Trainee: 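My structure is below; once you've seen it, I'll send some questions.
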Amino acid sequence: LCTGGWSGLVKLWSIPDCKHKITFKGHEDRVHGVAFEPTGNFKVGLATGSADSLIRLYSLTEEMPVSELKGHEERVNKVLFHPS
């Protein structure tokens, strides 16, 4: 389970014991969208979208993003991985 909030932090939790595993950092404003990479075939395991107009890409083991997508003029409300 992954949660994002007003702090700009994104947290990964284990299921079913609900223990905090890691906090992802990097956003400067609230996080609106979180998506897991569905195949597990890439270095990136998670994408997040924020009111800071950025999409950040994370591995599931590092706190800081491995990459970011810039260019949005407004906040990013949702993120999604295309299945192909």
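Small disclaimer: the values here were computed from a predicted structure and weren't measured.
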Trainee: Other than Leu80, which residues form its hydrophobic cluster under the rule that side-chain heavy atoms must be closer than 4.5 Å?
Mentor: none

Trainee: Can you tell me which residue pairs pass the salt bridge (charged side-chain N to carboxylate O under 4.0 Å, His left out) test with a partner in residues 28-43, sequence neighbours excluded?
Mentor: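 For residues 28-43: none.
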
Trainee: Which residues pass the side-chain hydrogen bond (donor to acceptor under 3.5 Å, both in side chains) test with Glu68, sequence neighbours left out?
Mentor: Arg56, Lys70

Trainee: Does Leu46 have any side-chain contact (heavy atoms from CB on, under 4.5 Å) partners at least two apart in sequence or in another chain, and if so, which?
Mentor: Cys2, Val10, Phe24, Val34, Phe36, Thr48, Tyr58, Leu60

Trainee: Please list, chain by chain and in numerical order, all residues satisfying side-chain contact (heavy atoms from CB on, under 4.5 Å) with Val76, sequence neighbours excluded.
Mentor: Ile55, His72, Val79

Trainee: How would you list, by chain and number, every residue that makes a salt bridge (charged side-chain N to carboxylate O under 4.0 Å, His left out) with Lys19, sequence neighbours excluded?
Mentor: none

Trainee: Which atoms form the tightest heavy-atom contact between Ser53 and Arg75, and what is the distance?
Mentor: OG-N, 3.8 Å

Trainee: Apply side-chain contact (heavy atoms from CB on, under 4.5 Å) to Glu63 and list each qualifying residue two or more places apart in sequence or on a separate chain.
Mentor: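 With neighbours one apart ignored, the set is Ile22, Lys25.
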
Trainee: In chain order, what residues pass the side-chain hydrogen bond (donor to acceptor under 3.5 Å, both in side chains) check against Thr23, with sequence neighbours excluded?
Mentor: His20

Trainee: Check side-chain hydrogen bond (donor to acceptor under 3.5 Å, both in side chains) between Ser67 and all other residues, then give those that pass, not counting sequence neighbours.
Mentor: none

Trainee: Going by the rule side-chain contact (heavy atoms from CB on, under 4.5 Å), which residues pair with Lys21 if we only count those two or more places apart in sequence or in a different chain?
Mentor: Leu12, Ser14

Trainee: Other than Trp13, which residues form its hydrophobic cluster under the rule that side-chain heavy atoms must be closer than 4.5 Å?
Mentor: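 Grouped by the 4.5 Å side-chain rule, Leu1, Ile15 form the rest of the cluster around Trp13.
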
Trainee: Kindly give the heavy-atom pair with the smallest separation between Pro38 and Phe81, and that separation in Å.
Mentor: CD-CB, 3.7 Å

